Amino acid sequence: MAQSRAEKNVVKNIAWEIPEYEKHEKNRNWYIIAGVIALALIAYAVFTRNYLFALIIVIIAFIIITRDGQDPIVVTFSIEPTGVGVGQRFYSYDTFKDFAVVYRPKDNIKGLYLNFKNTMRPHLSIPLKDANPVEVRNYLVRFLAEDLERNDAPLSEGLSKALKL
């Protein structure tokens, strides 16, 4: 049976599952080096009587240790005709300025980056996993402007991978 023109223009959702955050495996040496750096920073903070800085270092260390002990929650990411969903949150397209799909298989980079109009909000970085980057791009370009200048992952993502945070 032939599809009508209206049926062909119906936009279907694209969805895939992603971890809440990327978990990096850390070896014993990483913890030793991080511990030495943390202790040095705490000693410096105490020496300069900057106790708030020392407290912040302790809190950061506590967060890293507790976060490493648990696996990230897997959430569903969906692209829909009215916006994008990340787990229980939904963002309409009018909250975004633009998007970029970066796909460089040789460098193991395959991600979707959504930039908010509100510059105080960080970008939304979504790993594409098994999603087709061309299909995602072709879907989003109908609703959002494309950032054609972005051809790499953000520096913060590269630092996070390098430092295994």
Side-chain angles (χ1 to χ4, degrees), residues 15-79 83-131 133 136-137 140 144-165:
W16 64 93
E17 291 186 337
I18 58 171
E20 186 179 28
Y21 57 88
E22 188 174 350
K23 185 173 182 176
H24 301 282
E25 295 300 320
K26 300 172 183 81
N27 59 22
R28 190 172 139 197
N29 289 339
W30 186 94
Y31 286 103
I32 291 170
I33 293 168
V36 167
I37 292 171
L39 288 174
L41 289 172
I42 291 170
Y44 173 77
V46 170
F47 178 73
T48 59
R49 296 187 177 157
N50 190 347
Y51 302 112
L52 181 59
F53 181 58
L55 180 64
I56 290 170
I57 298 300
V58 170
I59 291 171
I60 289 171
F62 177 76
I63 290 170
I64 288 173
I65 291 168
T66 56
R67 186 174 150 189
D68 283 352
Q70 49 190 249
D71 291 327
I73 298 169
V74 175
V75 296
T76 301
F77 178 80
S78 62
I79 305 173
V84 297
V86 184
Q88 299 296 320
R89 288 199 159 147
F90 187 81
Y91 303 96
S92 64
Y93 288 122
D94 61 355
T95 61
F96 296 110
K97 181 175 91 174
D98 57 23
F99 79 97
V101 173
V102 178
Y103 181 55
R104 294 199 347 240
K106 289 181 181 178
D107 299 326
N108 198 23
I109 297 174
K110 186 178 176 185
L112 167 64
Y113 304 96
L114 295 158
N115 296 311
F116 289 97
K117 286 180 182 175
N118 181 349
T119 56
M120 297 303 287
R121 294 185 80 170
H123 66 274
L124 198 56
S125 176
I126 306 296
L128 287 173
K129 299 286 182 188
D130 295 329
V136 169
R137 184 227 169 253
L140 285 174
L144 288 171
E146 184 176 12
D147 179 2
L148 296 171
E149 293 181 17
R150 173 170 281 180
N151 57 6
D152 205 354
L155 178 62
S156 59
E157 224 172 88
L159 283 174
S160 177
K161 279 184 182 178
L163 298 174
K164 296 183 180 182
L165 294 175

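Quick caveat, the model's predicted, so the values are computed rather than measured.
Contact between A45 and F53 at its shortest, heavy atoms only, is CB-CD2, 3.5 Å. Pairing each heavy atom of P122 with each of F116, the nearest pair is O-CD1, 3.0 Å. Counting all heavy atoms, side chain and backbone alike, I42 lies closest to A54 at CG1-O, 4.3 Å. A38 approaches I57 most closely through the heavy-atom pair O-CG2, 3.8 Å. Shortest non-hydrogen contact noted between V75 and G87 is CB-CA, 3.9 Å. S125 approaches P127 most closely through the heavy-atom pair O-CD, 3.9 Å.
Interatomic distance, L140 CG to I79 CD1, rounded to the nearest 0.5 Å: 4.5 Å. Atom CG of residue D147 and atom CG of residue L114 lie 11.0 Å apart, to the nearest 0.5 angstrom. Annotation: the span from F99 atom CZ to E146 atom CD amounts to 4.0 Å, rounded to 0.5 Å. If you take CG on L144 and CG on D94, they are separated by 9.5 Å, rounding to the nearest 0.5 Å. Between atom NZ of residue K117 and atom OH of residue Y93 there is a gap of 13.5 Å, rounded to the nearest 0.5 Å. Annotation: the span from L55 atom CG to I60 atom CD1 amounts to 10.0 Å, rounded to 0.5 Å.
Atom OH of Y44 has 12 or fewer heavy atoms from other residues, nucleotides or ligands within 6.0 Å. For Q70, the CD atom is densely surrounded, since the number of other residues' heavy atoms within 6.0 Å is greater than 12. Heavy atoms of other residues, nucleotides or ligands lying less than 6.0 angstrom from CG of N118 number more than 12. The number of heavy atoms from other shown groups lying within 6.0 Å of CD1 (I32) is above 12.
Checked for salt-bridge contact, E17 and K129 miss the test: no charged N lies under 4.0 Å from a carboxylate O.
Defined by atom type and a distance below 3.5 Å, a donor-acceptor pair is missing between the side-chain atoms of T48 and N50. A donor atom on one side chain and an acceptor atom on the other are not found under 3.5 Å apart for Y113 and D98.
Using a distance-only test at 3.5 Å, with no hydrogens or angles considered, no donor-acceptor pair links the side chain of K110 to the main chain of D130. Without hydrogens or angle criteria, T95 side chain to Y91 main chain gives no donor-acceptor distance under 3.5 Å.
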*Can you check side-chain contact (heavy atoms from CB on, under 4.5 Å) on L112 and F77, steps first, answer last?*
CA-CA 11 Å; L112 167 64; F77 178 80; 3.9 Å; yes

*Just do the side-chain contact (heavy atoms from CB on, under 4.5 Å) check on N27 and W30 with the steps written out, would you?*
CA-CA 5 Å; N27 59 22; W30 186 94; 3.7 Å; yes

_side-chain contact (heavy atoms from CB on, under 4.5 Å) between V74 and I18, intermediate numbers included_ = CA-CA 6 Å; V74 175; I18 58 171; over 6 Å; no

